[in-house]
J.: 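Take this structure, written in structure tokens, and hold onto it; I'll ask about it next.
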Amino acid sequence: MRIWIDLANSPHVPFFRALIPEFTARDRQVEITARDFAQTVELASQAGMTPHVIGGHGGGSITGKAGNLVGRAAALRKWALGIRTVTLMDYEHQPANHLAFRLASRVIVPRAFPAAELRKYGASLRKVRRYEGTKEDVYLADFSADPAFTDVLRKLGVASEDVLIVVRPPAREALYHRFENELFDELLSRLTSRADARIILLPRSDAQRAEYEKRGWPNLIMPRAALDGANLIAAADLVVSAGGTMNREAAALGVPAVSIYAGKGAAIATNRLARGD
């Protein structure tokens, strides 16, 4: 049996990196495609994957994103020759679910994903399968911090005595994020005023990188190469993210985290907070 995995965004890499050994141990042949977006291809290569690159960033406009989404779906369908597909999702307010849920043969979501949202996006309950916890629990279950990662931080200018704050800005160009988040910039300005802090910011695009480079904050670090996300979060004293994945990773690793996401709250995040995780 051949299994096709599509990596559309960077958080998909660690998730499927944890699953691929299970597939190969069962004599399954794995084929991988990836979108050239948010260091997804670079991270996949670092994880030992050799993906076929199909599609890239759709830009900031809604029309550009919609055209890119439909065009990439058509290209993937042609590449995969119409085989049965499974889609995994953990955010119920992603407009692209309208397309993904309808085209998929099977939809896999966390237990907390609302049934009403599944129906709204065209996923009949007969093709839905649920799992406990979050996707971050899957690939961080056996995580052990790499002691050598301190050398990576040292090369970036982060000393052991520094307060390390890892931040992820809003996904301003995403379909689910068509609004401004002024709180993030206000908080970042306050954090960079601390002389004892080193802030590693992980921009989502070249435009974001250029925007924050203009600020000239001396203790703001934006690495050029992709970093191992789990080791980076494990080394942090605080994680601040305007998205969901990084905060859930921090929760799984027991690292203090602050979410300043300004969009609709996700049921999976609310459920996890209610359990005190």
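The analysis underlying the following values was restricted to heavy atoms, covering all of them including side chains, and did not include hydrogens, waters or symmetry mates.
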J.: Check whether Arg126 reaches the backbone of Ala123 with its side chain - one donor and one acceptor, N or O, closer than 3.5 Å.
T.: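 It does not hold such a pair.
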J.: Distance-only, no hydrogens or angles: does the Asn247 side chain make a donor-acceptor pair with backbone N or O of Gly244 under 3.5 Å?
T.: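 Flag not set: sc Asn247 to bb Gly244 has no pair under 3.5 Å.
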J.: Should we say atom CZ of Arg190 is surrounded by more than 12 heavy atoms from elsewhere, each under 6.0 Å from it?
T.: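 Open: at most 12 neighbouring heavy atoms sit under 6.0 Å from CZ of Arg190.
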J.: List for me each residue that meets salt bridge (Lys or Arg N to Asp or Glu O under 4.0 Å) alongside Glu186, sequence neighbours excluded, and say none if there are none.
T.: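 Glu186: no salt bridge (Lys or Arg N to Asp or Glu O under 4.0 Å) contacts found.
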J.: Within the side chain of Ser241, is there an N or O that forms a donor-acceptor pair under 3.5 Å with the backbone of Ser259?
T.: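 Answer holds: no.
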J.: Donor-acceptor pair, distance only, cut-off 3.5 Å: does the side chain of Asp6 make one with the backbone of Arg35?
T.: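 Between the backbone of Arg35 and the side chain of Asp6 there is no qualifying donor-acceptor contact (under 3.5 Å).
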J.: For Glu161, check salt bridge (Lys or Arg N to Asp or Glu O under 4.0 Å) against everything at least two apart and list the hits.
T.: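 For Glu161 there are no salt bridge (Lys or Arg N to Asp or Glu O under 4.0 Å) partners, ignoring immediate neighbours.
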J.: Would you find a donor on one side and an acceptor on the other, under 3.5 Å apart, between the side chain of Ser45 and the backbone of Val41?
T.: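 Here the side-chain-to-backbone pair exists.
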J.: Taking Arg111 for the side chain and Gly133 for the main chain, is one N or O donor matched with an acceptor at less than 3.5 Å?
T.: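 Between the backbone of Gly133 and the side chain of Arg111 there is no qualifying donor-acceptor contact (under 3.5 Å).
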J.: Between Gln208 and Pro170 (side chain of the first, backbone of the second, donor and acceptor by atom type, cut-off under 3.5 Å), is there such a pair?
T.: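 Side chain of Gln208 to backbone of Pro170, a donor-acceptor pair under 3.5 Å: yes, one is there.
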J.: For the residue pair Ala234 and Val255, what are the closest heavy atoms and their distance?
T.: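 Minimum heavy-atom separation between Ala234 and Val255: CA-CG2, 4.2 Å.
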J.: Taking Arg28 for the side chain and Met1 for the main chain, is one N or O donor matched with an acceptor at less than 3.5 Å?
T.: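 Flag not set: sc Arg28 to bb Met1 has no pair under 3.5 Å.
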J.: Please walk me through it: do Trp217 and Ile199 pass side chain to side chain contact (heavy atoms under 4.5 Å, CB included)?
T.: CA-CA 10 Å; Trp217 289 317; Ile199 295 93; over 6 Å; no
J.: With hydrophobic residues grouped by side-chain heavy-atom distances under 4.5 Å, do Leu238 and Leu183 end up in a single group?
T.: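 In one cluster with Leu238: Leu183, yes.
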J.: Is there a path of hydrophobic side-chain contacts, each under 4.5 Å between heavy atoms of I, L, V, M, F, W or Y residues, that connects Val30 with Val86?
T.: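 Val30 and Val86: one cluster.
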J.: Begin with the C-alpha distance, continue with both residues' side-chain angles, and end with the deciding distance and a verdict on side chain to side chain contact (heavy atoms under 4.5 Å, CB included) for Ile5 and His12.
T.: CA-CA 10 Å; Ile5 295 172; His12 301 173; over 6 Å; no
J.: Taking all heavy atoms of Arg168 and all of Ser10, pick out the closest pair and write down the distance.
T.: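 Looks like NH2-OG, 4.0 Å.
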J.: Going by atom types alone, do Tyr139 and Glu249 pair a side-chain donor with an acceptor below 3.5 Å?
T.: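 Side chains of Tyr139 and Glu249: pair found under 3.5 Å.
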J.: Does the Arg130 side chain pair with the main chain of Pro110, one donor and one acceptor, at a distance under 3.5 Å?
T.: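 Present.
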J.: Walk me through it: do Leu125 and Arg119 pass the test side chain to side chain contact (heavy atoms under 4.5 Å, CB included)?
T.: CA-CA 7 Å; Leu125 296 185; Arg119 290 191 294 270; 4.0 Å; yes
J.: Minimum heavy-atom separation for Ala250 and Ile233, please, with both atom names.
T.: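 Result for this residue pair: CA-CG2, 3.8 Å.
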J.: Please confirm whether the backbone N or O of Pro11 pairs with a side-chain atom of Asn9, one donor and one acceptor, at under 3.5 Å?
T.: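 Absent.
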J.: Could you give the side-chain donor-acceptor pairs of residues 218-230 under 3.5 Å, partners two or more places apart or in another chain?
T.:
residue, atom, partner, partner atom, Å
Asn219, ND2, Thr192, O, 3.1
Asn219, ND2, Arg194, O, 3.1
Asn219, ND2, Ala197, O, 3.2
Arg224, NH2, Glu213, OE2, 3.0
Asp228, OD1, Ala230, N, 3.3
Asp228, OD1, Asn231, N, 2.9
Asp228, OD1, Asn231, ND2, 3.1

J.: Are Val13 and Leu19 connected in a single hydrophobic cluster, I mean Ile/Leu/Val/Met/Phe/Trp/Tyr linked by side-chain heavy atoms less than 4.5 Å apart?
T.: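 Per the 4.5 Å side-chain linkage, Leu19 and Val13 are co-clustered.
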J.: Looking only at heavy atoms, which two atoms of Ala8 and Phe37 are closest? And how far apart?
T.: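 Looking at all heavy atoms of both residues, the closest pair is O-CD2, 4.0 Å.
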